[in-house]
Undergrad: 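This is the structure, below, for whatever I ask next.
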Amino acid sequence: METRDRTPNEKTGEAPVDFIREIIAEDNRTAKHQGRVATRFPPEPNGYLHIGHAKAICLNFSVAVENRGTCNLRFDDTNPTKEETEYVDAIQEDIRWLGFDWEDRLYYASDYFERLYEYAVQLIQQGDAYVCSLTPDQIREYRGTLTEKGRESPYRTRTVEENLDLFGRMRAGEFEDGAHVLRAKIDMGSPNLNMRDPTIYRIRRAHHHRTGEAWCIYPMYDFTHCLSDSIERITHSLCSLEFEDHRPLYDWFLDRLDVFHPQQIEFARLNLNYTVLSKRKLRQLVTEKHVSGWDDPRMPTLRGLRRRGYTPETIRRFCDRIGVAKRDSVVDIELLEHALREDLNRTSPRAMGVLRPVRLVIENYPEDQVEEMELVNNPEDPAAGTRMVPFSRVLYIERDDFRVDPPKKFFRLAPGREVRLRAAYLVTCTGFTQDEATGEVTEIRCTYDPATRGGSPPDGRRVKGTLHWISARHAVEAEVRLYDRLFAAENPNKGDDFLAHLNPRSLEVLEGCYVEPGLANVSPGDRFQFERLGYFCVDPDVRAGRPVFNRSVTLRDTWAKIEKGKKG
RNA sequence: UGGGGUGUCGUCCAGUGGCAGGACACAUGACUCUGGAUCAUGGAACCGGGGUUCGAAUCCCUGCACCCCAGCCA
């Protein structure tokens with residue numbers, strides 16, 4: 001695994017550690033667990049993993065690796081009505097893609113159902129749990145409110161024998177769904193609602209993705225999670241902030257049962273601006289078809305990011321950079337984009353692609369001549385070598401690269417102006433034709449200077465603009481999908497309708513784009529930097545002979561900024 | 001009005017009694033056959049009010065703001 005790059009500490013020169021790594025280091029120092037470090041990533045298989053999960057995955061797995069410890073993958077599958085094998089497969093695939101390995105430590109909370117049942121029996125025997133026959137509404141009513149204490153259930157005083165009998169019959173399927181629940185007997189007067197006799201088992205006749213119909217009672221999260229951690233001898237159980245209130249309960253079960261006691265530590269989950277990360281909202285985007293699926297390149301899911309062209313390295317590096325702390329925060333999406341550019345700049349081969357083509361005719365270039373121009377594949381990586389690209393009399397250039405009436409600081413092509421065609425020749429614009437009705441430029445004409453082959457004028461004259469181009473005769477047609485952020489509002493969660501903030505221009509599909517002939521036979525997942533435009537990734541949707549590219553992210557664009565600034 | 005948390009540049013993260021630092025973003029300049037990359041420079045913050053101390057982001061007191069909790073979800 002690559003070295004971490006967290007902010008260096010001035011005094012020690014070492015990467016500072018977050019508060020969790022600090023706690024673990026201290027536990028190692030005091031040999032709390034004989035120096036053993038065991039973490040786990042515990043997803044519920046009821047949805048696809050997203051960038052927020054990546055933060056937790058990176059934390060749990062990295063902390064384990066750094067301490068020569070282990071990180072288990074455990075599916076928290078205690079609610080059969082919501083969980084499906086489709087998700088357990090997808091989750092494993094995504095974690096592997098991210099680059100983490102749980103080796104043979106794949107577990108399911110449902111593996112522990114029998115032991116959990118025995119623990120529940122023990123609780124009953126100790127007088128720490130009872131079967132409650134209140135209805136859900138009554139339970140809620142008895143629970144009290146944030147400011148008022150709760151009242152004890154009339155069933156709270158059932159004898160151990162009666163509870164044992166009832167609980168056994170719950171398991172045996174003698175009761176209707178919802179007729180009874182098993183509750184921990186703690187304190188209805190606790191200011192912490194979680195301690196007001198929480199439900200630990202409910203009757204629910206539903207097909208479970210692993211245990212099938214074997215059970216009709218299922219344990220609740222609070223009971224299951226701490227004991228699963230204990231069974232796996234997890235040393236540090238990392239979870240998000242909203243479980244802070246649950247920690248006393250986590251500890252209570254382990255103390256009452258007198259079993260191995262992991263430490264729960266909470267950290268702030270990731271929030272990203274211009275993004276929603278709640279499973280409910282992501283699901284809604286999919287089911288209501290605001291996106292094409294869980295892997296739509298605009299989705300913050302790992303599958304979406306992958307299809308967009310993100311690399312595992314980018315995501316891991318991003319997670320390293322955002323750090324781990326307890327305060328709620330909203331990370332700027334630009335930091336993610338920066339991580340992507342940084343990675344792709346280093347690794348992506350360059351290519352030329354003209355997205356919105358306009359014909360450029362070189363009047364003094366021989367009609368049938370073709371020259372092969374040598375282009376550098378990656379200036380950041382000399383080992384990537386060079387390639388030959390055909391050049392001829394009729395080319396396509398980017399519509400944006402020509403202006404009839406150029407604004408200040410525009411140093412691309414315009415009537416009378418000279419620019420460089422990348423790695424080819426210097427050309428001077430001699431004229432253009434326009435559509436009479438629309439005013440749209442239909443063709444640009446120019447002459448070239450044969451002495452500038454390769455792009456370097458022998459007289460050393462400076463040319464400010466360099467344009468990318470595609471030889472019309474050799475052009476490969478492509479579809480290009482221009483993606484932008486899915487939401488137009490910085491915080492789409494604000495207000496009661498996040499869909500109202502959808503960015504209407506989050507996807508623009510361009511047909512009739514042209515790319516270098518070398519890109520005729522690309523494969524899904526191949527990444528390129530289209531010079532001067534951005535990073536692009538080949539989509540799985542390739543149709544016969546016509547590649548489809550997704551724009552992962554644009555290049556930083558100083559000119560766009562200048563233009564935008566003028567208008568604003 | 002109960003309980004649990006959190007407040008440091010625009011954003012994220014450090015700093016744990018001794019010059020408030022890094023990254024992203026922003027701005028300026030250098031360089032450049034990608035208006036990319038790279039390099040240099042700059043502006044920019046300790047929630048408020050008291051107190052302790054030679055010295056406070058850090059310790060104490062007191063306000064304030066924000067987040068989470070009333071599933072038989074996780």
Undergrad: Can you give one letter per nucleotide of nucleotides 64-74 of chain B, 5' to 3': B if a protein heavy atom sits under 4.0 Å from the base, S if only from the sugar-phosphate, - if neither?
TA: ---SBBBSBSB
Undergrad: Rounded at 0.5 Å granularity, tell me how far CD1 in A/Ile315 sits from OH in A/Tyr310.
TA: 8.0 Å
Undergrad: Could you list the residues that satisfy side-chain contact (heavy atoms from CB on, under 4.5 Å) with A/Arg151, not counting sequence neighbours?
TA: A/Glu141, A/Tyr142
Undergrad: Classify A/Val463 by what it touches in the nucleic acid, base, sugar-phosphate, or nothing, heavy-atom distance under 4.0 Å.
TA: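 It contacts nothing in the nucleic acid.
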Undergrad: Would you please name every residue forming a side-chain contact (heavy atoms from CB on, under 4.5 Å) with A/Arg346, sequence neighbours left out?
TA: A/Asp343
Undergrad: Send over the distance from A/Leu340 CG to B/A23 P, rounded to a whole Å.
TA: 20 Å
Undergrad: Any chance you could list the contact pattern along nucleotides 35-45 of chain B? Use B for base contacts, S for sugar-phosphate-only contacts and - for none, protein heavy atoms under 4.0 Å, 5' to 3'.
TA: BBS--------
Undergrad: How does RNA chain B look in dot-bracket notation if pairs are Watson-Crick or G-U with both distances under 3.5 Å, crossing ones as [ ], other-strand ones as |?
TA: .((((((..((((....[..)))).(((((.......)))))....(((((..]....))))))))))).....
Undergrad: Sequence neighbours left out, what pairs pass salt bridge (charged side-chain N to carboxylate O under 4.0 Å, His left out) with at least one residue falling in residues 198-207 of chain A?
TA: A/Asp177-A/Arg205
Undergrad: Give A/Val376 one of three labels, base, sugar-phosphate or nothing, depending on what nucleic acid heavy atoms sit under 4.0 Å from its own.
TA: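 Nothing, no heavy atom under 4.0 Å.
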Undergrad: How would you list, by chain and number, every residue that makes a side-chain contact (heavy atoms from CB on, under 4.5 Å) with A/Pro458, sequence neighbours excluded?
TA: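 Checked A/Pro458 against side-chain contact (heavy atoms from CB on, under 4.5 Å); matches are A/Ala451, A/Thr452.
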Undergrad: Measure CD/A/Glu337 against P/B/C24 and give the value in whole Å, please.
TA: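 Going from A/Glu337 (CD) to B/C24 (P), I get 14 Å.
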Undergrad: B/G3 C1' sits how many Å from A/Glu148 CD, rounded?
TA: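 Rounded to whole Å, this separation is 14 Å.
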Undergrad: Which pairs, with at least one residue in residues 451-470 of chain A and sequence neighbours excluded, count as a salt bridge (charged side-chain N to carboxylate O under 4.0 Å, His left out)?
TA: A/Glu371-A/Arg453, A/Glu418-A/Arg461, A/Asp449-A/Arg461, A/Asp459-A/Arg461
Undergrad: Within the 4.0 Å heavy-atom criterion, would you say A/Ser190 contacts the bases, only the backbone, or no part of the nucleic acid?
TA: nothing
Undergrad: Side chains of residues 327-335 of chain A: which donor-acceptor partners sit under 3.5 Å, not counting sequence neighbours?
TA:
from	atom 1	to	atom 2	distance (Å)
A/Asp332	OD1	A/Glu334	N	3.0

Undergrad: Of the nucleotides B/C24, B/A27, B/U34, which one has an atom closest to the side chain of A/Lys561?
TA: B/A27
Undergrad: Could you check how far CG of A/Leu335 sits from C1' of B/G10, rounded to whole Å?
TA: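 Between C1' of B/G10 and CG of A/Leu335: 14 Å.
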Undergrad: Take A/Arg453 and A/Ser329, find for each the nucleotide of RNA chain B with the closest heavy atom, and name the residue whose nucleotide sits nearer the 5' end.
TA: A/Ser329
Undergrad: Residues in side-chain contact (heavy atoms from CB on, under 4.5 Å) with A/Tyr221, at least two apart?
TA: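 Partners of A/Tyr221 by the side-chain contact (heavy atoms from CB on, under 4.5 Å) criterion, ordered by chain and then number, come out as A/Asp76, A/His225, A/Phe243.
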Undergrad: Mind checking salt bridge (Lys or Arg N to Asp or Glu O under 4.0 Å) for A/Asp251 and listing every partner two or more places apart, or none if nothing turns up?
TA: none
Undergrad: Start with the C-alpha gap between A/Thr466 and A/Arg422, add the side-chain angles, then the distance that decides, and say whether side-chain hydrogen bond (donor to acceptor under 3.5 Å, both in side chains) holds.
TA: CA-CA 6 Å; A/Thr466 299; A/Arg422 175 110 232 222; over 6 Å; no
Undergrad: The criterion is side chain to side chain donor-acceptor pair (under 3.5 Å); which residues satisfy it with A/Tyr514, sequence neighbours excluded?
TA: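 Partners of A/Tyr514 by the side chain to side chain donor-acceptor pair (under 3.5 Å) criterion come out as none, since no residue qualifies.
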Undergrad: Grab the CG-C1' distance between A/Asp332 and B/C24 for me, whole Å please.
TA: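 Rounded to whole Å, this separation is 7 Å.
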